[in-house]
2 protein chains.
Amino acid sequence: MKRARVTLADVAAMARVDRAVVSRVVNKDPTLNIRQETRERVLAAIEELGYRPNVAARSLRTSRAHMFGLFIPDFANPVYAEIIKGAESEAAAQGYVLVTGSATGAGLGEYMDRIGQGRIDGLLLAGTGEDADLAAQLDQAAIPWLMLNNRSQGVKRYVILDDQRAAALAVEHLVRLGHRRIAHLAGPSRADTAARRSAGYSAAMRDAGLPEGPITAAGYTPAGGAAAMARLLAEAPEGERPTAVFVANVASAIGAMEGVRAAGLEIPRDVSIVAVHDLDLAGYLNPALTTVRMPLAELGRRGVRLLGGLDPDATVAEVLTGPIELIHRRSTAPPPD
Amino acid sequence: MKRARVTLADVAAMARVDRAVVSRVVNKDPTLNIRQETRERVLAAIEELGYRPNVAARSLRTSRAHMFGLFIPDFANPVYAEIIKGAESEAAAQGYVLVTGSATGAGLGEYMDRIGQGRIDGLLLAGTGEDADLAAQLDQAAIPWLMLNNRSQGVKRYVILDDQRAAALAVEHLVRLGHRRIAHLAGPSRADTAARRSAGYSAAMRDAGLPEGPITAAGYTPAGGAAAMARLLAEAPEGERPTAVFVANVASAIGAMEGVRAAGLEIPRDVSIVAVHDLDLAGYLNPALTTVRMPLAELGRRGVRLLGGLDPDATVAEVLTGPIELIHRRSTAPPPD
DNA sequence: TTGTATGCGTTATCAC
DNA sequence: GTGATAACGCATACAA
């Protein structure tokens, strides 16, 4: 059954009122004074015909798309999955649709081209901080935008998590267990989150009166983590091998664990491992991975909430204070004697 | 700097031509005969003013949104991440935007409400097969739609993978290693993919002249896999314990591995494990997990490609023939003597 | 080779 | 209390 598209006019005709009335009923206009009986006729017609407002027309008229954009580097990264979930649910609560796009095979520029003009009312950027002229690119669009989870050089439009504290929590956990030679497997050198976690590591080591252990950088991937851990262990002089490693990211930690095993060492007997970001999966690794849980979904929610009432050239610099929590599992234990 | 919205009219004024000409230049109308000089004036004005077509207006006029929808149960499931990537890149290649929505805290019905009418030109449904009256819900929308990866009762509008063959590949691998007592950790009983993988398991066992081992169902999650594996091992009489398990999904396999360890057994010494769907991560588990790699991204691509030229009530029933491949890692080995 | 006219479906400002 | 009307920005058939 091929039902033709039904418009306001159809509903108006059936209810024997003007389109304007139908429109105001649909939008629950509070200034509308209408007889109960008439309203019911309208509602009945809407129901009967299965009328749904046309988004394009509405959007053209009101110049609001009721849609937010979210740009991420890669859907395969579970960290973004959490952010998306939070952003999506908050958007839904506001009656907005969230359209998430990834950099898969294209950059932000191409994404903006495809999105076009007038399709979204605001844009969230997660994990896209490297481009220096990011702001310039985005000012073209004349829509509110916000960086999520990381910042870009000289741009005051972001909401981030307290990565420094997360790192400190991890290091303090290791210190409490008795570790003194604590290495750091950092994130990619250009990533803002990586820098903040490294800063947290350094500060916590200083606070504990411990010298910084070796530091190696790697991408936020298992492969990167494995390679970096191999380097880290190979370069340490015998007897001065770190007894614990703070890994900047859970994905690289998974690789790092393999790196430890490849070196013929055992976790946590020889080396303890703790990483930032908790995943369901972490509890099922062998051994189960100790992590620091971050409020990623809350970050997504907060981003959308800010975007809603944001001036296109407002300045936002927020560190989200949410529950950051160490999840102690089997990959951390006291050091060998 | 708050640049006002620039429209066709602005460009036309600056280039001293009519809006119609600009429109046809923008859309590269091949029937347009235009002086080179004029075209350059138009292009220059577009560049100068930074003109971008308004999507809402265009969409209202042409009744095409240049946007496809993709609905999934959960962003955290890496299987969907692959599908999204494929779908997104194909959509991009066609000049379309892909808007992926998840069931997080709401069903398909609510999603369709939010999407509204006229926002998308087609809808892909991945992993959403349980609702019996799915088709009814969607016929309201009068847009082309397609189920991806799984089917719904009595609905002939899908493209799926050859899950049966994938299962057979896994089982044959185990048989070739010498296993004879091969159990099956199936997916959720209502899932179409689970049914097809189970069928593949049964067929392959029959072909090998082997009796089916114990079969247990579980959700596609680590927690589900762990619990199901515990049951499986607990219920097997001593001496008849399966020496290998074919797990329907990689996420549950990760849990299943933990289940094996919890029972005091070792992989692959006591029990071999093989699962459907390959992930980056699988190679970094302990031990590295043997998997069957499926062309998930290709599935997403194919879905979008079909959606493009699809009649709203066409019938589609396609099993995607793509490379299905066994990735042999450390979790499978010959059985104990 | 370029311009004119019309309508897509909606909302908002009036008028009655 | 309800109806008429004018945009919103664009694409396209047709006129010139």
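Labels below follow one simple rule: chain letters A, B, ... track the order of the sequence lines, proteins then strands, and each chain is numbered from 1.
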Visitor: What does N27(B) touch in the nucleic acid at a heavy-atom separation under 4.0 angstrom: a base, only the sugar-phosphate, or nothing?
Guide: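 N27(B): backbone/sugar contact only, no base atoms under 4.0 Å.
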Visitor: I'd like to know if E318(A) pairs up with R302(A) as an ion pair, taking the criterion as any Lys NZ or Arg NE/NH1/NH2 lying under 4.0 Å from an Asp or Glu carboxylate oxygen.
Guide: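 R302(A) and E318(A): salt-bridged.
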Visitor: Using whole Å, what does the distance between atom P of nucleotide dA12(C) and atom CG of D29(A) come to?
Guide: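 Going from CG in D29(A) over to P in dA12(C) covers 8 Å.
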Visitor: Dot-bracket, 5' to 3', for DNA chain C please: Watson-Crick or G-U pairs under 3.5 Å, [ ] where pairs cross earlier ones, | where the partner sits on another strand, dots elsewhere.
Guide: ||||||||||||||||
Visitor: Which is it for E110(B) and R114(B) under the salt bridge (charged side-chain N to carboxylate O under 4.0 Å, His left out) test, yes or no, and what are the steps along the way?
Guide: CA-CA 6 Å; E110(B) 216 209 83; R114(B) 284 213 312 284; 3.2 Å; yes
Visitor: Under a 4.0 Å N-O cut-off, is there an ion pair linking R41(A) with E37(A)?
Guide: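 Yes, R41(A) and E37(A) are salt-bridged.
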Visitor: Check this for me: does any side-chain nitrogen of one of E88(A) and K85(A) sit under 4.0 Å from a carboxylate oxygen of the other?
Guide: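 Looking at K85(A) together with E88(A), the answer is no, because their closest N to O distance does not fall below 4.0 Å.
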Visitor: Salt-bridged, D10(A) to R5(A), with N to O below 4.0 Å?
Guide: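 Here D10(A) does not pair with R5(A) in a salt bridge, since their nearest N and O are not under 4.0 Å apart.
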Visitor: Would you call D113(A) and R52(B) a salt bridge, taking side-chain N to carboxylate O under 4.0 Å as the test?
Guide: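 Looking at D113(A) and R52(B), the cut-off is met.
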Visitor: Could R35(B) and E40(B) be called an ion pair, given the rule that one side-chain N must be under 4.0 Å from one carboxylate O?
Guide: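 E40(B) and R35(B): not salt-bridged.
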Visitor: Rounded to the nearest angstrom, tell me the gap between atom CZ in R119(A) and atom C1' in dC10(D).
Guide: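 Those two atoms, CZ and C1', are 14 Å apart.
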Visitor: Which residues pass the ring pair (Phe, Tyr, Trp, His ring centres under 6.0 Å) test with F68(A), sequence neighbours left out?
Guide: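 Residues passing ring pair (Phe, Tyr, Trp, His ring centres under 6.0 Å) with F68(A): Y96(A).
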Visitor: Treating primed atoms plus P, OP1 and OP2 as sugar-phosphate and everything else as base, which nucleotides of nucleotides 2-9 of chain C get B, S or - for protein heavy atoms under 4.0 Å?
Guide: BBB-BBBB
Visitor: Return the value, rounded to whole Å, for the distance between atom CD of E40(A) and atom C1' of dG1(D).
Guide: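 Rounding to the nearest Å, CD of E40(A) and C1' of dG1(D) are 16 Å apart.
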